[in-house]
Amino acid sequence: SNFNYHYKIIADPINQSIQYHMNKMISLTLFLLIASLTSFAQSIDSLKLTDQEIPDGYAKSSDLLCKTPHAASLYEQVDMFPFLGKVVHKDFQSFGKKRDEGSILYFQFDQDFAGQGFLEGLLWGTNGKPSKSEPDEYFAKGKLLIVWRFNYKSEIKSVSKAKIEKIFSN
């Protein structure tokens, strides 16, 4: 009986210390998980055009506006291309103006995007680059992929591309 009593007195400070450190680790892990979940959503949101950045004459649209089916199928059925990686977040912005309407597609993958060759074939076929008939353009950096679905010489595409380049040049 005395042995158990002494054992309990000796063990309690150790158990309290272990419990304290476990609680600290669990709290830290939860904080990091929540921070990482919000950071990728915020990173896509920070890439989007704000109302102040939208050039005059363009109206926002809630529809996915794609002139060719390639980028639309990429956005709507990205799970059909598992070799691109798992998409953890995707979103789009659409805008229209007389003779210039389209969408900006935003993807965040669970790993660095490495599907440039496939994407170029999907968007441009054998051309290997944007053209008047296949005007899609893209930007890939780390886990992010942005695809612009606008006319070849689109003003809003230029504004968005400049914003993305500025963000990633820092």
Side-chain angles (χ1 to χ4, degrees), residues 29 32-170:
T29 303
L32 291 174
L33 178 65
I34 290 169
S36 69
L37 289 174
T38 57
S39 71
F40 67 68
Q42 288 175 343
S43 67
I44 284 182
D45 287 343
S46 70
L47 302 174
K48 290 181 173 182
L49 292 177
T50 64
D51 289 344
Q52 295 76 27
E53 295 169 320
I54 299 169
D56 289 341
Y58 283 90
K60 291 195 275 185
S61 172
S62 59
D63 297 327
L64 185 61
L65 303 173
C66 295
K67 295 183 186 320
T68 61
H70 314 302
S73 67
L74 177 68
Y75 187 82
E76 294 171 343
Q77 302 170 344
V78 70
D79 296 337
M80 286 181 43
F81 313 108
F83 51 88
L84 296 177
K86 182 178 190 291
V87 173
V88 292
H89 188 68
K90 69 178 183 176
D91 206 350
F92 71 91
Q93 284 185 295
S94 294
F95 305 96
K97 179 180 178 178
K98 189 175 184 180
R99 292 190 299 268
D100 187 23
E101 68 175 18
S103 297
I104 307 168
L105 313 178
Y106 304 92
F107 300 89
Q108 181 154 19
F109 294 88
D110 64 344
Q111 59 195 10
D112 286 356
F113 180 74
Q116 286 88 340
F118 167 78
L119 186 62
E120 290 171 7
L122 178 71
L123 298 179
W124 309 319
T126 57
N127 264 354
K129 62 182 182 179
S131 64
K132 281 189 174 187
S133 62
E134 299 287 347
D136 304 336
E137 293 186 53
Y138 77 91
F139 175 88
K141 178 86 171 189
K143 297 177 181 185
L144 294 172
L145 170 66
I146 299 118
V147 178
W148 290 278
R149 294 285 309 137
F150 289 91
N151 292 334
Y152 193 62
K153 300 216 180 237
S154 169
E155 179 185 5
I156 199 161
K157 177 172 65 174
S158 297
V159 169
S160 175
K161 284 174 63 177
K163 177 178 183 167
I164 300 302
E165 289 168 3
K166 183 178 178 186
I167 288 171
F168 285 99
S169 69
N170 294 335

Just do the side chain to side chain contact (heavy atoms under 4.5 Å, CB included) check on Phe95 and Ile104 with the steps written out, would you?
-> CA-CA 9 Å; Phe95 305 96; Ile104 307 168; 4.0 Å; yes

Distance-minimising heavy-atom pair for [X] and [Y]:
X	Y	value
Ala140	Leu145	CB-CD1, 4.2 Å
Asp56	Lys97	O-NZ, 3.6 Å
Lys90	Val78	NZ-CG1, 4.5 Å
Ile167	Ser46	CD1-O, 3.6 Å
Gln111	Gly85	NE2-CA, 3.7 Å

State, yes or no, whether a side-chain contact exists between [X] and [Y] at a heavy-atom distance under 4.5 Å.
X	Y	value
Ser131	Glu134	yes
Tyr138	Glu120	yes
Asp91	Lys48	yes
Ile44	Leu144	yes
Phe168	Leu47	yes
Gln93	Tyr106	yes
Pro130	Tyr152	yes
Trp148	Ile156	no

Using the side chain to side chain contact (heavy atoms under 4.5 Å, CB included) rule, take Leu74 and Leu84 through it: C-alpha gap first, then chi angles, then the decisive distance, then the call.
-> CA-CA 10 Å; Leu74 177 68; Leu84 296 177; 3.9 Å; yes

Glu101: partners by salt bridge (Lys or Arg N to Asp or Glu O under 4.0 Å), with sequence neighbours left out |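 Listed in chain order: nothing, the list is empty.
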
Should the ring pair Phe118 and Phe83 be called parallel, tilted or perpendicular, given that the plane angle runs from 0 to 90° and is split at 30 and 60?
->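 Rings of Phe118 and Phe83: perpendicular, as their planes differ by over 60°.
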
For the residue pair Phe107 and Phe109, categorise the inter-ring angle as parallel (less than 30°), tilted (30 to 60°) or perpendicular (more than 60°).
->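 Rings of Phe107 and Phe109: parallel, under 30°.
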
Side chain of Lys157, backbone of Asn151: donor and acceptor closer than 3.5 Å?
-> yes

Once you round to the nearest 0.5 Å, how far does NE2 of His89 lie from CG of Asp110?
-> 14.5 Å

Could you give the distance from CG (Leu49) to NZ (Lys60), rounded to the nearest 0.5 Å?
->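 Between Leu49 CG and Lys60 NZ, I get 10.0 Å after rounding to 0.5 Å.
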
Asp100 versus Ser154, side-chain donor and acceptor atoms under 3.5 Å =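 Present: a donor and an acceptor within the cut-off.
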
Taking ring pair (Phe, Tyr, Trp, His ring centres under 6.0 Å) as the test, write out the residues that go with Phe92, two or more places apart.
-> Tyr75

Stepwise side chain to side chain contact (heavy atoms under 4.5 Å, CB included) check, Leu64 with Leu105 | CA-CA 9 Å; Leu64 185 61; Leu105 313 178; 3.4 Å; yes

What do the steps show when you test Ser94 against Asp63 for side chain to side chain contact (heavy atoms under 4.5 Å, CB included), and what is the final call?
-> CA-CA 7 Å; Ser94 294; Asp63 297 327; 5.6 Å; no

